[in-house]
Amino acid sequence: MITIGSVLDGKYKILYQIGEGGMSSVYLAINEKVNRQWAVKEIRKDRPYNFALMRQGILREMELLRSLHHPMIPEICDVIEEETAIFIVMDYIEGRTLGNVVEEEGAQEEKYVIEWAKQLCQVLSYLHNRVPPVIYRDMKPSNIMLKPNGDLMLIDFGISREFCEEHTEDTVCLGTQGYAAPEQFGGGQSDERTDIYGLGATLHHLVTGENPRKRQGTEFLPVCQLRPEISGGLEEVIRKCLERNPDDRYQSCRELWYALEHYQELDRKRMKHQKRKLWLCVGLFSHAFLSFGISCFAHMRVNMLQVQNYQFCLQMASNQEGNEKMEVLRKAIEMDPKREEAYLLLLEEFLKDENFSSREDLAFREILNETGDQKETYEMSLQRNQKGYEKVSYEAGIAYFFFYEKEGSKERSLKWFMTAENAEWLSQDQKVRAAVCKRIGSYWKDMGKRDKTGDFQVSHAVYFYDLWELYQMQKACRENEIMTLKVCQEMIAQILSYADEIEKEGVKIEEMKNVLEASGKEIQAAQKILGEQHREMIQAMEEEITKAEQKIDLK
């Protein structure tokens with residue numbers, strides 16, 4: 001057993017033990033060089049189990065986890081093998097397992113169980129939508145960490161497997177008795193419905209407090225028999241998850257997520273009441289209107305499913321990152337290109353690194369130019385939603401103006417700000433800012449150019465005052481520190497390059513000094529907020545302010 005205070009592999013100092021199971025011990029460690037804590041799982045080789053099989057599973061789990069990137073899945077940092085044990089270094093997750101929660105507190109409140117279930121549907125959907133799909137196969141409360149903020153983390157991927165379509169059965173029968181689906185112990189291949197069974201058993205345990213490993217017989221007792229206060233709707237969701245025949249369960253986590261989102265509608269008493277009302281209404285309508293009613297119902301059902309799928313994609317996207325997130329958002333746009341939410345989230349994802357790259361610009365324009373079933377581009381569909389198109393136009397204008405290829409492209413923002421300037425649904429502040437940005441962009445391409453008479457084509461004073469107005473707006477709303485700094489940077493550059501011209505056109509030296517003083521204060525404030533990645537930008541601005549001040553002082 002590793003000793004407290006020892007340093008593993010010259011990097012990880014063991015602080016104390018935080019857990020112990022039948023096959024492993026878990027310790028909290030710190031890498032003092034980078035001041036980061038890690039969890040270290042120690043699996044000793046002298047325990048009474050098949051270590052060769054265990055080692056194979058460890059290496060397989062490491063390989064699988066390194067290919068997964070999801071906020072609810074921990075990442076493995078290192079695997080260290082020594083003579084007496086294997087050590088797995090992974091993300092340290094603060095909190096308790098749901099197994100500990102239900103053991104210490106008993107059956108959990110319905111509202112918490114439903115929220116946890118929806119989170120687990122999201123991470124399972126991420127796994128099932130991999131190519132090839134990943135089947136978790138060991139869903140149970142002790143494999144789910146509850147963080148202090150209420151988020152969950154799925155741990156222990158030791159028996160997960162990639163789905164092989166050509167296989168008819170699993171090669172190895174693994175899983176935790178009580179939580180594992182019948183097909184995990186022979187008679188079929190595990191697929192995403194296997195995880196739905198495991199999730200159903202987990203929900204049953206959480207909401208009743210009854211450990212399925214200790215139950216008598218093969219069938220689960222009805223939830224309401226153990227806890228009569230639980231809604232019939234939640235009981236029905238859990239019952240369907242636990243069907244022995246996979247074909248009788250929910251067929252995907254998306255379908256299960258929707259049922260959880262609308263579990264109250266499944267309540268048996270309510271369903272009976274709705275049926276009575278339905279038959280009463282049917283009796284009141286004449287046969288002449290029956291076909292019309294069926295047609296309307298079908299249309300509403302299609303629309304309802306479309307909305308549900310769209311919302312599910314947005315919910316999925318909120319727990320993903322990078323290419324996976326953008327792909328889910330792209331699917332949401334494909335489902336309903338008229339709605340603005342997915343476009344806005346896509347722009348938000350592009351700007352996470354404060355850089356709207358040319359590659360992202362191309363991807364954005366390709367989506368807008370895609371042609372849907374209606375033989376119109378997605379942008380044309382979005383334009384039919386005037387309010388949504390105005391919102392997207394404003395945010396796209398901001399993205400291009402401030403962040404295109406890090407420097408910003410004022411010309412590329414013109415199209416979007418022209419729409420936002422004349423919007424009906426945007427706030428007055430947004431419309432005014434769009435108008436100022438549009439003016440700046442409209443004469444940017446001619447800035448510094450002279451006409452045939454030798455005069456500048458664009459008034460530097462007008463440009464200077466427009467920049468000052470935009471700065472005042474940024475300062476008032478405090479929406480984004482980087483955007484404010486970029487406006488200051490542009491004003492400083494104008495003073496450095498065209499101070500004489502600006503003064504000749506009516507801008508006073510005192511006004512230019514006020515701009516430099518305000519920019520200096522913004523830099524000081526930004527240093528306290530922004531991280532190390534902006535140090536070069538701030539240092540460059542400080543140098544430019546010094547040069548601009550020297551230039552003004554010479555006048």
Provide the closest heavy-atom pair for [X] versus [Y] in the form atom of the first, atom of the second, distance.
{"X": "Q119", "Y": "G150", "result": "NE2-O, 3.3 Å"}
{"X": "A259", "Y": "Y250", "result": "CB-OH, 3.5 Å"}
{"X": "I73", "Y": "V123", "result": "CG1-CG2, 3.7 Å"}
{"X": "T208", "Y": "H204", "result": "OG1-O, 2.6 Å"}
{"X": "C224", "Y": "E235", "result": "N-OE2, 3.1 Å"}
{"X": "C121", "Y": "L199", "result": "SG-CD2, 4.1 Å"}

Does [X] reach the main-chain N or O of [Y] with its side chain, forming a donor-acceptor pair under 3.5 Å?
{"X": "Y258", "Y": "F312", "result": "no"}
{"X": "D195", "Y": "I135", "result": "no"}
{"X": "Q225", "Y": "L221", "result": "no"}
{"X": "Q251", "Y": "D247", "result": "yes"}
{"X": "Q386", "Y": "R384", "result": "no"}
{"X": "Q430", "Y": "Y394", "result": "no"}
{"X": "E110", "Y": "S231", "result": "yes"}
{"X": "E349", "Y": "M326", "result": "no"}

Take N211 and Y179, measure what side-chain contact (heavy atoms from CB on, under 4.5 Å) needs, and give me the verdict at the end. CA-CA 9 Å; N211 191 329; Y179 299 97; 3.4 Å; yes
Step by step, would you call L124 with M139 a side-chain contact (heavy atoms from CB on, under 4.5 Å)? CA-CA 10 Å; L124 288 176; M139 181 65 69; 3.8 Å; yes
Quick test of your reading of the model: are [X] and [Y] salt-bridged, counting only N-O distances below 4.0 Å?
{"X": "R96", "Y": "E104", "value": "yes"}
{"X": "E334", "Y": "K331", "value": "no"}
{"X": "R239", "Y": "E236", "value": "yes"}

Mind checking the [atom1]-[atom2] spacing from [X] to [Y]? Nearest 0.5 Å is all I need.
{"X": "K325", "Y": "M316", "atom1": "NZ", "atom2": "CE", "value": "12.0 Å"}
{"X": "D138", "Y": "T202", "atom1": "CG", "atom2": "OG1", "value": "9.0 Å"}
{"X": "I93", "Y": "L146", "atom1": "CD1", "atom2": "CG", "value": "11.5 Å"}
{"X": "L347", "Y": "F403", "atom1": "CG", "atom2": "CZ", "value": "11.5 Å"}
{"X": "L382", "Y": "T377", "atom1": "CG", "atom2": "OG1", "value": "9.5 Å"}
{"X": "L98", "Y": "M145", "atom1": "CG", "atom2": "CE", "value": "9.0 Å"}

Minimum side-chain heavy-atom gap [X]-[Y] below 4.5 Å:
{"X": "Y197", "Y": "R249", "value": "yes"}
{"X": "L368", "Y": "Y343", "value": "yes"}
{"X": "V134", "Y": "Y136", "value": "no"}
{"X": "I196", "Y": "C241", "value": "yes"}
{"X": "Q17", "Y": "S25", "value": "yes"}
{"X": "D78", "Y": "K11", "value": "yes"}
{"X": "V207", "Y": "V223", "value": "yes"}
{"X": "F220", "Y": "I238", "value": "no"}

Decide yes or no on salt bridge (Lys or Arg N to Asp or Glu O under 4.0 Å) for D361 and R365, but give the supporting numbers first. CA-CA 6 Å; D361 162 45; R365 287 187 287 110; 3.0 Å; yes
Apply side-chain contact (heavy atoms from CB on, under 4.5 Å) to E340 and E390, showing your working. CA-CA 9 Å; E340 76 274 14; E390 290 172 359; over 6 Å; no
So which of E370, R330, Q383 actually passes side-chain contact (heavy atoms from CB on, under 4.5 Å) with Y378? E370
Which residue, L152, L203, I144, forms the side-chain contact (heavy atoms from CB on, under 4.5 Å) with W116? L152
Ring geometry between W416 and F364 (parallel below 30°, tilted from 30 to 60°, perpendicular above 60°): tilted
Below 30° counts as parallel, above 60° as perpendicular, anything between as tilted: where do the rings of W38 and Y12 land? perpendicular
More than 12 heavy atoms of other groups within 6.0 Å of [X] [atom1]:
{"X": "K13", "atom1": "NZ", "answer": "no"}
{"X": "N323", "atom1": "CG", "answer": "no"}
{"X": "E94", "atom1": "CD", "answer": "no"}

Residue pair [X] / [Y], side-chain donor-acceptor N/O under 3.5 Å:
{"X": "D353", "Y": "N355", "result": "no"}
{"X": "E183", "Y": "T194", "result": "yes"}
{"X": "Q311", "Y": "Q315", "result": "no"}

Take N245 and E243 through the test side-chain contact (heavy atoms from CB on, under 4.5 Å) and record every step on the way to the result. CA-CA 5 Å; N245 185 346; E243 289 285 359; 5.5 Å; no
For E354 and H534, what are the C-alpha separation, side-chain angles and deciding distance, and is it a side-chain hydrogen bond (donor to acceptor under 3.5 Å, both in side chains)? CA-CA 11 Å; E354 299 170 355; H534 299 101; 2.5 Å; yes
